[in-house]
Each structure stands twice: as structure tokens, then as C-alpha cells.
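What follows is a short report on a single structure.
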Amino acid sequence: LKEAPLLAKQLGSLAGSARWVEALSLWKRSALHGSDALALNSAMKACERGSQWAMSLHLFHEASSRPDRVIYSTAINACARGRFWVLALP
């Protein structure tokens, strides 16, 4: 996907301002075209920062690609932010 770097940048900007609704919408549209792990992580982070920890975990579980350490870390942070850190345990 040649638009992946631009997508990741847009999602990163939305994540930085906790604009999770917009980030989720953008990620869902891009997921149809094979978005990458960086885009997934940015969408998860936007949800986490917008106090939508459950949505962040939903994205984590719905990911078609195998999660890397960064995505696991974002999922753990979402659990911690939602005060459900026990969900982060294996």
C-alpha cells in the first residue's frame, strides 16, 4: 500500500490529540485496503488516549496481522488507562 506512510502520519496526528472517532473511521477505511501495523498502532493509541480502552483492545483482537511488541505495548497501556491492567496479563 503506497499510501501507508501518509496514513500512519494522519493517524499519528489524530492519536496525539485523542481524536479517536476520526482515527477509527480512517483506520476502518484503510483496513479494507491492507493497512499496516503502524496504522493499527496509531488507531489503537488514539482510542486509548480518548479513554476508549475497550475499543483499543477490540482493534488489537481484530488485527489480521500478527501483533508486534509495539502493538502489545499499546494494548497494555490501554488496559492500564482503563484500570483493567489484569486484562493485560497472559
Met44 side, atom CE; Leu57 side, atom CG - distance, nearest 0.5 Å: 6.5 Å
Residue pair Ala23 / Leu11: nearest heavy atoms and the distance that separates them: O-CD2, 3.3 Å
Linked, directly or transitively: Trp53 and Val70 (ILVMFWY side chains, under 4.5 Å): no
Spacing of OG1 belonging to Thr74 relative to CG belonging to Asn41, to within rounding of 0.5 Å: 3.5 Å
Nearest-0.5 Å distance, CG of residue Leu59 to CG of residue Leu40: 6.5 Å
Nearest heavy atoms of Trp20 and Ala46, plus distance in Å: CB-O, 3.2 Å
Where at least one partner belongs to residues 42-52, residue pairs that pass side chain to side chain donor-acceptor pair (under 3.5 Å), sequence neighbours excluded: Glu48-Arg81
Pairwise distance CD1(Ile76) to OG(Ser56) - rounded to 0.5 angstrom: 11.0 Å
Closest non-hydrogen atom pair between Ala39 and Leu7, with its separation: CB-CD2, 3.8 Å
Leu26 side, atom CG; Leu14 side, atom CG - distance, nearest 0.5 Å: 6.5 Å
Arg69 and Ser73 side chains, donor-acceptor separation under 3.5 Å: no
Rounded distance [0.5 Å steps], CZ in Phe60 versus SG in Cys79: 8.5 Å
